[in-house]
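Following: one structure in structure tokens, then a few remarks.
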Amino acid sequence: MSAAECPTAAGSPRGDERDAILAALVPVADGIAATFGSLCEVVVHDYRRPEESVVSIAGSVTGRSVGGAMSEIGMGMLARGDEAGDELNYLTRTQDGKLVKSSTVLLRDSGGVVFGALCVNLDITAVQQVGTLIGELAGVAAPAEVPTTTFGDSVEVVDAVVGSVVDAYQLKRSRPWGELDRAERVELFRGLDERGVFAVRRAVPQVAERLGISRASAYSYLAKARAEEPPKDGPDTAPGASA
């Protein structure tokens with residue numbers, strides 16, 4: 001099928017529709033960020049290119065710019081495809097310690113296909129600090145720890161997700177990768193796949209290097225994971241990890 005015939009390609013009716021939606025959201029993002037001020041960041045994502053999904057950004061909370069990669073949260077949504085739902089009012093923490101309250105609203109074309117997202121990130125670090133102080137004075141227990149989310153280049157995001165999943169998996173079994181049997185290795189790759197890792201280009205070689213295996217072995221485990229039915233209990237992920 002040619003690019004012109006592909007329903008989602010640039011220059012096709014569906015592709016043009018998606019491009020128009022993304023373009024229309026740019027001033028919306030600017031308006032939201034201007035309304036909430038310097039502590040707000042609004043990001044427009046194009047999931048058709050996960051390695052550089054940020055097509056527009058207003059404000060600066062996560063330190064990203066246009067052409068940046070999606071976060072771990074976006075990768076998880078991408079992995080769920082059209083079954084994914086909006087994520088509203090969730091908390092995460094950036095690598096430099098900011099506490100961020102976020103909402104991710106998925107973008108769908110006229111066929112209901114998810115192709116992007118509008119994300120609002122609000123830095124509530126100062127609010128949380130005041131709340132903690134008031135809680136201490138009132139004798140209220142400290143809030144639960146919020147997981148850290150990686151925002152940055154696709155290589156950094158993939159590394160963070162792979163490290164989180166692999167470390168949790170190996171900790172649960174108290175055995176390193178080299179001591180896992182084939183079924184356990186396939187299960188680990190299924191967990192990575194369900195977290196959206198392999199939606200990013202060049203992720204397989206990156207995972208192979210992280211695990212100390214060949215690329216051929218990594219592709220083999222991934223193919224096996226996708227061919228088999230997942231276990232009823234689902235994949236292993238780190239406790240508190242972002243979606």
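Put simply, V114 and V105 are part of two different groups of oily side chains (I, L, V, M, F, W, Y) that touch within less than 4.5 Å, one to the next. Follow the hydrophobic side-chain contacts under 4.5 Å out from I32 and you never reach V26; the two are in separate clusters. Taken together through direct or relayed side-chain contacts under 4.5 Å among Ile, Leu, Val, Met, Phe, Trp and Tyr, M75 and L106 form part of one hydrophobic cluster. No path of Ile, Leu, Val, Met, Phe, Trp and Tyr side chains, each step under 4.5 Å between heavy atoms, connects I124 with L88, placing them in separate hydrophobic clusters.
Every residue was checked against the side-chain contact (heavy atoms from CB on, under 4.5 Å) condition with S38, not counting sequence neighbours, and none meets it. Residues satisfying the side-chain hydrogen bond (donor to acceptor under 3.5 Å, both in side chains) criterion with S56, sequence neighbours excluded, are absent altogether. With sequence neighbours excluded, no residue forms a side-chain contact (heavy atoms from CB on, under 4.5 Å) with P27. Considering only residues two or more places apart in sequence or on other chains, Y47 meets the ring pair (Phe, Tyr, Trp, His ring centres under 6.0 Å) condition with none of them. Qualifying ring pair (Phe, Tyr, Trp, His ring centres under 6.0 Å) partners for F198, counting only residues two or more places apart in sequence or in other chains: F189.
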From CA spacing to verdict: side-chain contact (heavy atoms from CB on, under 4.5 Å), R64, V43
CA-CA 9 Å; R64 286 174 295 177; V43 188; 3.9 Å; yes
Assess the residue pair V66 and I57 against the criterion (side-chain contact (heavy atoms from CB on, under 4.5 Å)); give the C-alpha distance rounded to whole Å, side-chain angles, the decisive distance to 0.1 Å, and a yes or no. CA-CA 6 Å; V66 172; I57 187 164; 4.2 Å; yes
Can you check side-chain contact (heavy atoms from CB on, under 4.5 Å) on L222 and D193, steps first, answer last?
CA-CA 8 Å; L222 177 59; D193 197 25; 4.0 Å; yes
Under the side-chain contact (heavy atoms from CB on, under 4.5 Å) rule, what do F115 and L22 come out as? Steps first, then yes or no, please. CA-CA 10 Å; F115 70 92; L22 292 170; 3.9 Å; yes
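What you find for A29 and A58 is that their closest heavy atoms are O-CB, 3.7 Å. Between V42 and C40, the shortest heavy-atom contact is CG2-SG, 3.9 Å. Among all heavy-atom pairs drawn from V54 and A69, the shortest one is CG2-O, 4.1 Å.
The CE atom of M70 lies 11.0 Å from the CZ atom of R49; values are rounded to the nearest 0.5 Å. Between L122 atom CG and T125 atom OG1 the span is 9.5 Å, to the nearest 0.5 Å. Atom CD1 of residue I21 and atom CG of residue L118 lie 12.0 Å apart, to the nearest 0.5 angstrom. To the nearest 0.5 angstrom, K224 atom NZ is 14.0 Å from E187 atom CD.
Remark: side-chain polar atoms of D82 are not paired, donor with acceptor, to backbone N or O of V113 under 3.5 angstrom. Not one N or O on the side chain of T92 forms a donor-acceptor pair closer than 3.5 Å with the backbone of V100. Between the side chain of R80 and the backbone N or O of A84 there is no donor-acceptor pair closer than 3.5 Å. Without hydrogens or angle criteria, K98 side chain to V61 main chain gives a donor-acceptor distance under 3.5 Å. The main-chain N or O of S110 is found under 3.5 Å from a side-chain atom of E17 such that the two form a donor-acceptor pair. Under the 3.5 Å distance criterion, the side-chain polar atoms of E184 are matched with a main-chain donor or acceptor of D181. Checked by atom type and distance alone, the side chain of D46 never pairs as donor or acceptor with a backbone atom of S53 at under 3.5 Å. Within the 3.5 Å criterion, the main-chain N or O of A208 finds no donor-acceptor partner in the side chain of R215.
Checked for salt-bridge contact, R14 and D19 miss the test: no charged N lies under 4.0 Å from a carboxylate O. A salt bridge links E228 with R190: the closest approach of a Lys/Arg side-chain nitrogen to an acidic carboxylate oxygen falls below 4.0 angstrom.
If you check the side chains of T62 and E41, you find a donor sitting under 3.5 Å from an acceptor. Under 3.5 Å, the side chains of Y90 and T104 contain a donor-acceptor pair of N or O atoms. A donor and an acceptor atom, one from each side chain of S217 and S220, are nowhere located under 3.5 Å apart. Side-chain contact, E87 with S103: no donor N or O sits under 3.5 Å from an acceptor N or O. When only modelled atom types and interatomic distance are considered, N121 and S102 share a side-chain donor-acceptor pair under 3.5 Å.
Residues Y221 and I213 form a side-chain contact, since some pair of their non-hydrogen atoms from C-beta on lies under 4.5 Å apart. Contact check for C119 versus H45: side-chain heavy atoms found under the 4.5 Å cut-off.
Legend: salt bridge (Lys or Arg N to Asp or Glu O under 4.0 Å) pairs involving residues 114-126, not counting sequence neighbours: none detected.
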